[in-house]
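As structure tokens, the structure follows; a few thoughts come after it.
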Amino acid sequence: MKTLSNILIAILFMNATFTQAQTSQKETIEVSSSLGTLKQINAGLLNVGYTEAGPSNGTPVILLHGWPYDIHSYNEVVPILVAKGYHVFTPYLRGFGTTTFLSKDTFRNGQQAALASDIIAFMDALKIDKAVIGGFDWGARTAVVVSALWPERVKGLVSVSGYLVVNLEANLKPLPPTAELGWWYQYYFATERGKQGYTQNTYDFNKLIWKIASPLWNFDKATYDQTAQSFDNPDHVAIVIHNYRWRQSLEAGESKYDALEKRLAAKPEIKVPTITIGSDFDGAFADGKAYANKFTGKYEHRILKGIGHNVPQEDPKAFAQAIIDVSK
């Protein structure tokens, strides 16, 4: 009995230590001071972690990160915009950083309409009527979807890689082998092995994606680690896996977003002022010609050579200038 008691005490001690470590980890998540103050706000389904910087009477700007990145992609963009008088908000997307779900029962959904709805809820919570919205990767897709569905809320759009609206029917059609090779991780995520592998190796997996997506960017360990802490979010794996499985029609979205997805499936035009950015990551599509006709308002396309996928962190001046120019 004494041995059993010792074991139970040890287990309780381990659990308490683990819980304390989890709490401590969340409390000590560090954000670059260049991004402003880290705050939390209840918005829609989420308690959103975000940074805020710049004068309260400045033009609102919302900067959206992608996967596997986080708000630190904007470390050098935010100070440039603040110096120009902009009021800048940089939220963690669902599944990243300090953004968490308000209910444990909410489906961990990564589909495009869900992420875009998060941003509208975020704007509503902060009473932001209209903003310039910019992003790359998931952030660009989210910004484009918001611009397509709620153009009245968007003063201007900056989108790396252009028109990224997911069309599930089109995604069912195979691409040439060389193009398919670039999306290897999506097929990996489609398997249970991939889900387990990503869960066990998130840090190394995402570091590999950084290197593949930006082969000329010589980031150091400190730069990567600053972002990698945001992958410790309890919903990170679930959101990432669902996002990519949904794109391949391997998992369903939620019916409450069906009407929005139906509108997006029609490939709506973007009528708000827009600047799109192409980089080396986009390969043959860097010139933007494949999607130029989807932007029917004031529009400009810019090409950055020698820059990979994480445009705002690799060329912050160019990204910030695009935000400034599109807001005029």
Side-chain angles (χ1 to χ4, degrees), residues 31-44 46-66 69-94 96-99 115-160 270-277 295 297-300 311-313 316-328:
V31 173
S32 171
S33 60
S34 68
L35 295 174
T37 305
L38 179 64
K39 301 180 178 182
Q40 300 290 141
I41 191 169
N42 288 346
L46 306 171
N47 177 257
V48 179
Y50 69 100
T51 56
E52 181 177 0
S56 59
N57 62 347
T59 298
V61 174
I62 298 174
L63 302 176
L64 303 176
H65 67 83
Y69 307 95
D70 82 334
I71 62 177
H72 290 98
S73 289
Y74 297 102
N75 277 353
E76 295 181 54
V77 173
V78 171
I80 296 172
L81 296 178
V82 169
K84 293 291 185 178
Y86 290 90
H87 191 189
V88 187
F89 302 85
T90 313
Y92 284 110
L93 298 184
R94 55 171 60 190
F96 292 81
T98 60
T99 292
L115 270 67
S117 295
D118 289 346
I119 301 307
I120 294 299
F122 176 70
M123 293 176 70
D124 289 344
L126 289 172
K127 296 180 171 55
I128 300 172
D129 180 59
K130 201 169 189 175
V132 178
I133 303 181
F136 70 105
D137 195 77
W138 288 20
R141 176 173 296 104
T142 303
V144 169
V145 170
V146 170
S147 299
L149 299 178
W150 297 279
E152 71 280 2
R153 306 299 296 272
V154 182
K155 179 178 175 64
L157 165 68
V158 173
S159 174
V160 174
I270 307 298
K271 299 178 181 179
V272 305
T274 300
I275 293 176
T276 54
I277 298 174
F295 299 94
K298 182 181 178 183
Y299 176 67
E300 181 184 348
V311 168
Q313 200 159 7
K317 291 182 179 178
F319 190 91
Q321 192 60 53
I323 293 287
I324 293 166
D325 292 343
V326 84
S327 68
K328 294 178 180 177

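Each residue takes its place number in the sequence, starting with 1.
Here the side chain of His65 pairs no donor or acceptor atom with the backbone of Gly135 at under 3.5 angstrom. Judged by distance alone, the side chain of Thr99 and the main-chain N or O of Gly49 form a donor-acceptor pair under 3.5 Å. Judged by distance alone, the side chain of Thr274 and the main-chain N or O of Val272 form a donor-acceptor pair under 3.5 Å.
Among the candidates Val88, Val82, Val78, the single residue satisfying the side-chain contact (heavy atoms from CB on, under 4.5 Å) test with Leu35 is Val78.
The list of salt bridge (Lys or Arg N to Asp or Glu O under 4.0 Å) pairs with a residue in residues 125-138, not counting sequence neighbours, is empty.
Salt-bridge formation is detected for the pair Asp124/Arg153: a Lys NZ or Arg NE/NH1/NH2 atom is positioned less than 4.0 Å from an Asp or Glu carboxylate oxygen.
Between Val61 and Phe89, the closest side-chain pair of non-hydrogen atoms is not below 4.5 Å. Put simply, the side chain of Lys317 reaches to within 4.5 Å of the side chain of Ile80, judged on heavy atoms. The shortest distance between side-chain heavy atoms of Leu64 and Leu115 does not fall below 4.5 Å. Counting heavy atoms from C-beta outward, Lys271 and Pro151 have side chains that stay 4.5 Å or more apart. Residues Ile275 and Tyr299 are not in side-chain contact: their nearest non-hydrogen atoms beyond the backbone lie 4.5 Å or more apart.
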For the pair Tyr74 and Thr51, evaluate side chain to side chain donor-acceptor pair (under 3.5 Å) and give the outcome as yes or no after the intermediate values.
CA-CA 11 Å; Tyr74 297 102; Thr51 56; over 6 Å; no

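With sequence neighbours excluded, no residue forms a ring-ring contact (aromatic ring centres under 6.0 Å, His included) with Tyr92. Applying the salt bridge (Lys or Arg N to Asp or Glu O under 4.0 Å) test to Arg94 and every residue at least two apart in sequence or in another chain returns Asp118.
Defined by atom type and a distance below 3.5 Å, a donor-acceptor pair is missing between the side-chain atoms of Ser34 and Glu76.
The distance between the ring centers of Tyr69 and Phe136 falls below 6.0 angstrom.
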